[in-house]
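Remarks on the structure that follows.
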Amino acid sequence: MVDDRVKLLAKFIEPLRVEPGSKVRLAKDFDPGYRASFLKKKEGAGILAAGVTVLEEYQARLAAQDTWGVLVCLQALDAGGKDGTIRHVMSGVNPQGVRVSSFKVPSSEELDHDYLWRYARRLPGRGEIGVFNRSHYEEVLVVRVHPELLDRQKLPPSSRGKGLWARRYREINDWEHYLADNGFKIVKLFLNLSKEEQRIRFLKRVDLPEKNWKFSSADARERKYWDDYQAAFSDMLSHTSTEWAPWYVVPADHKWFARICVSAVLAHTLMEINPQYPKVDADKRKDLAEVKALLEAEAPEGAAADPFASEGGEAQAAKESKQTRKQRAQLRKVRKELSR
Ligand code: AMP
Ligand code: MG
């Protein structure tokens, strides 16, 4: 039931996927204010909840199977909503299975290495979901818009000059292809914010004391480069959306809508992997049977040898307290609500 909904949603978010090889012009091709007008905010909340439920279940299976890893790359301009998206979408997931890495201005140690080094060190392991809050794509975004950042990277002259950005796109594609071939699914999400919505969110950060910490005047100055960023994003999307690691452009002016899109893309990715709990082989089953016999032999006077095996659901239910029955009924209602 829930799964059907997410499959449906995957269809519905298909227009957000950047067709590999297509040429993207952000302003023309994607609308930051899009929110599938037939969807109401309340319905959206239900879908987000369903997505969170699916994520929770599949993440547990991903971890148990320990074969695939998932890397989620989140990119956006300032105030695009990366932090809030991570908080909401990942809310149901076991923190042990998720690692969020935020990338800031590189340290001098990081600048002493090739540019992908610091990202490689934060890759998820098998069974893990790694979230990059900003990612290796900063290397073709902020670094492209501000060439002085490239100067700090200490590249030898032969590695600079014309064709550098095309080469970086190729290197990034190759790196991701290598990861995909070796069991790591990569999901790339660009939260696409409009200039006007960014202005409003910045003002909120100025006006609300509890948001002040999030604001720096440098962020506002960066708006001067808006068009350069749009061009850099367009070029990045055109060159690095691949069959093995496609980009999704998520309309970000409505936070609630951005979150359901991200949740759906992630849930869809996990459903495609379809991780399974490991099968128990004959040896292991024999092991379990032996342990079972031992534990049963230890049952105290009057207790069932194995309360799970000896009683059916009904017998179990008859023994439940009024409180438990009430709670169970409530939970059923909530579940129904969520999957509606
Ligand atoms: P925030 O995510 O708001 O804490 O800001 C992090 C800052 O680090 C942003 O201004 C980014 O542009 C900057 N940043 C991230 N990656 C790089 C990079 N590879 N080179 C230069 N600046 C970067
Ligand atoms: Mg910032």
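In each ligand, atom 1 is the first atom listed, and ligand 1 is the first ligand listed. Just so you know, residue 1 is the first one in the sequence shown, and it goes up from there.
- Relative orientation of the Phe132 and Tyr119 rings is tilted, given thresholds of 30° and 60° on the angle between their planes.
- Residue-level proximity to ligand 1 for Leu149 is carried by the side chain, the only part with a heavy atom below 4.0 angstrom.
- Judged by distance alone, with hydrogens and angles left aside, the side-chain atoms of His268 form no donor-acceptor pair with the main-chain N or O of Ala264 at under 3.5 Å.
- For ligand 1, the atoms sitting less than 4.0 Å from at least one non-hydrogen atom of Val143 are 20 (N), numbered in the order shown with element in parentheses.
- Not one N or O on the side chain of Arg134 forms a donor-acceptor pair closer than 3.5 Å with the backbone of Ser101.
- Contacts of Pro106 with ligand 1, taken as heavy-atom pairs under 4.0 Å, involve the side chain alone.
- Every side-chain contact (heavy atoms from CB on, under 4.5 Å) that Phe184 has, sequence neighbours left out, goes to Arg126, Leu179.
- Contacts between Tyr119 and ligand 1 below 4.0 angstrom, taking non-hydrogen atoms only, involve the side chain exclusively.
- Annotation: salt bridge (Lys or Arg N to Asp or Glu O under 4.0 Å) contacts of Glu210 (sequence neighbours excluded): none.
- In this structure, of Arg134, Lys104, Glu110, the residue bringing a heavy atom nearest to atom 10 (O) of ligand 1 is Arg134.
- Tyr225 and His146 have their aromatic ring centers within a separation under 6.0 angstrom.
- Atoms of ligand 1 lying under 4.0 Å from any heavy atom of Glu139, numbered from 1 in the order shown and given with element: 19 (N).
- The distance criterion of under 3.5 Å between nitrogen or oxygen atoms is not met by Lys82 with respect to ligand 1.
- Below 4.0 Å from some heavy atom of Phe103 lie the following atoms of ligand 1, by number and element: 15 (C).
- Below 4.0 Å from some heavy atom of Arg118 lie the following atoms of ligand 1, by number and element: 16 (N), 17 (C), 18 (C), 19 (N).
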